> 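Can you read through this structure? Questions will come right after.
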Amino acid sequence: MKRIDFLKILGGSTVLSAVLPGALRAGSMKHRNALTKPVSIATWRFGLETTAEAMKVLSAGGSALDATEAGVKLCEADPNERSVGLGGRPDRDGHVTLDSCCMDHLGNIGSVAAVENVVHVSSLARAVMEKTPHVMLVGEGARQFAQEMGFPLQDLMVPDSKQEWEKWREKSNYRPIVNIENHDTIGQLSLDQEGRLAGICTTSGMAFKMRGRVGDSPIIGAGLYVDGAIGAATATGHGEEVIRVVGSYRVVSEMERGFSPQEACERAVRKIHEFFERRNAGIEDTQIGFIAMDTEGKVGAFALRPGFQYAMARSGQAPELIDVGALLA
Ligand code: ASP
């Protein structure tokens, strides 16, 4: 492991950073939290591309919401991403259904769930926010609204997803497992030059889910939350567990109580773990990760188990991919 990667992992965990010599600790955290605005962060490796795209909008003085939307749309349009937008894995009956939500610094919210045939569900969620008196549209109604708004409708299944689904159907073992390999929701948060925060979460959800299953990603408070006066958070991983603790809202409310974005993410992950223990439920097939940012542009991230990464693009710096610390080994 390269030294810088080692430091990045340590930088993601206060538990571990407590044993680091002060100079090293200060060095790595300074790098992570050098408070240059604007900034955009996003879950997983594809965030490198989406945060870079967002940075183009932010650097030109664009809003956090416009920047975030421009970023996640790249991922939604990529047929090779198996868990977002076009090419997302279908449900167990072979329908690709997408979920998304958005929130801005003023508390404007929009969401769509279980939508078929629309690639850019992030934009559709935004349209719900901006063009309707409602906050959430689902299923056929959401698709109808998309059509009315001029969104192109298309088949979202790509040959590789179809092949995977057909292979899965040979056994049709319905056991939703969320591990590193089969989930990759994109949650992206941006802070613009004027200090406005916004976020978007977009996904095809759990692979081969039950028809009609909706996870955390389009649920405001679970998959995403933004409080323009405090901070923002978004989640990836096992949606049912994130919903159980109202994950993203929990992270932001921990920040409101005075915890740093890093500490807030750690506290939310610990709470999820606590709920598993309380229910005596098996945790081995579960992964959850949070990323968070405050109004100054300080960031944090934490996961249940190792393997989670997020990308960050900061003004004047090359986008970087950061390994996230984890509660479980
Ligand atoms: N959070 C998503 C869901 O439960 C899954 C994921 O992150 O891949 O639908």
Side-chain angles (χ1 to χ4, degrees), residues 41-47 50 72 75-76 78 80-92 95-102 111-116 121-122 125 136 138-139 142 156 161 164 168 174-189 199-225 233-251 265 268-269 272 275-276 281 283 285-292 301-305 307-311 324 326:
I41 59 175
T43 54
W44 302 110
R45 173 173 287 276
F46 43 48
T50 69
V72 300
C75 193
E76 288 175 336
D78 186 342
N80 298 314
E81 291 304 343
R82 284 285 97 76
S83 40
V84 179
L86 179 65
R89 294 187 182 90
D91 65 20
R92 66 182 186 179
H95 308 270
V96 181
T97 65
L98 305 182
D99 303 329
S100 180
C101 71
C102 63
S111 160
V112 289
V115 191
E116 292 177 51
V121 277
S122 57
M136 189 170 198
V138 304
L156 301 180
S161 289
E164 269 190 49
W168 173 83
Y174 191 64
R175 186 161 168 255
I177 292 178
V178 175
N179 56 31
I180 307 298
E181 290 77 37
N182 75 352
H183 77 99
D184 278 339
T185 291
I186 184 156
Q188 184 159 346
L189 310 171
I200 295 179
C201 192
T202 176
T203 190
S204 55
M206 224 175 238
F208 318 130
K209 60 196 176 186
M210 270 178 81
R211 182 135 175 85
R213 179 266 183 189
V214 172
D216 61 315
S217 305
I219 310 292
I220 297 291
L224 173 76
Y225 198 72
T234 187
T236 179
H238 200 145
E240 283 74 4
E241 302 309 325
V242 177
I243 292 172
R244 199 182 310 282
V245 302
V246 200
S248 294
Y249 176 75
R250 181 176 292 274
V251 172
C265 290
V269 170
I272 286 173
F275 268 75
F276 267 98
I283 203 168
D285 292 329
T286 297
Q287 168 67 316
I288 288 136
F290 291 103
I291 61 172
F302 203 60
L304 193 58
R305 55 186 75 251
F308 179 43
Q309 297 177 308
Y310 73 102
V324 174

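Numbering of ligands and ligand atoms starts at 1, following listing order. Note that the coordinates shown come from a computational prediction; the quantities given were computed from them, not determined experimentally.
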> So, is T203 polar-close to ligand 1, with some N/O to N/O distance under 3.5 Å?
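There is no such contact.
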> Side chains of T286 and E241 only: does a donor on one sit below 3.5 Å from an acceptor on the other?
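Checked: T286/E241 side chains show no N/O donor-acceptor pair below 3.5 Å.
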> For the pair S248 (side chain) and A222 (backbone), establish whether a donor and an acceptor sit closer than 3.5 Å, ignoring hydrogens and angles.
yes
> Could you label the plane-to-plane angle of the W168 and F208 rings as parallel, tilted or perpendicular, counting under 30° as parallel and over 60° as perpendicular?
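Rings of W168 and F208: parallel, as their planes differ by under 30°.
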> Run the numbers for me: atoms of ligand 1, each under 4.0 Å from some heavy atom of S217, listed by number.
1 (N), 2 (C)
> Begin from the C-alpha positions of R213 and D91 and carry the test side-chain contact (heavy atoms from CB on, under 4.5 Å) through to its verdict.
CA-CA 9 Å; R213 179 266 183 189; D91 65 20; over 6 Å; no
> Check each atom of ligand 1 against the heavy atoms of D216 and keep those under 4.0 Å away; list them by number with element.
1 (N), 2 (C), 3 (C), 4 (O)
> For ligand 1, which atoms, with element, lie under 4.0 Å from some heavy atom of G237?
1 (N), 2 (C), 3 (C), 4 (O), 5 (C), 6 (C), 7 (O)
> Suppose I only count heavy atoms of M206 and a 4.0 Å limit; which atoms of ligand 1 are within that range?
9 (O)
> Within the 4.0 Å heavy-atom shell around D184, which atoms of ligand 1 are there?
8 (O)
> If you define the side chain from C-beta out and look only at heavy atoms, does anything of L224 sit under 4.5 Å from L189?
yes
> Heavy atom under 4.0 Å from ligand 1: found in E240's side chain, backbone, both, or neither?
neither
> Which heavy atom of T203 sits nearest a heavy atom of S83, and at what distance?
OG1-O, 3.3 Å
> At a non-hydrogen distance cut-off of under 4.0 Å, which region of V214 contacts ligand 1 (side chain, backbone, both, or neither)?
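Neither part.
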> Between G205 and ligand 1, is there a nitrogen or oxygen pair with a distance under 3.5 Å?
no
> Taking N or O atoms only and a 3.5 Å limit, does T236 qualify as a polar contact for ligand 1?
yes
> Taking N or O atoms only and a 3.5 Å limit, does D99 qualify as a polar contact for ligand 1?
no
> Counting only heavy atoms not in R45, do more than 12 sit closer than 6.0 Å to its CZ atom?
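No, because the 6.0 Å sphere around CZ of R45 holds 12 heavy atoms or fewer from other groups.
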> Any nitrogen or oxygen of G239, side chain or backbone, less than 3.5 Å from one on ligand 1?
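There is such a contact, yes.
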> Which one of R89, E241, Q287, R213 has a non-hydrogen atom at the shortest distance from atom 4 (O) of ligand 1?
R213
> Is it the case that over 12 heavy atoms from other parts of the model lie below 6.0 angstrom from the OH atom of Y249?
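No, the 6.0 Å shell around OH holds no more than 12 heavy atoms from other groups.
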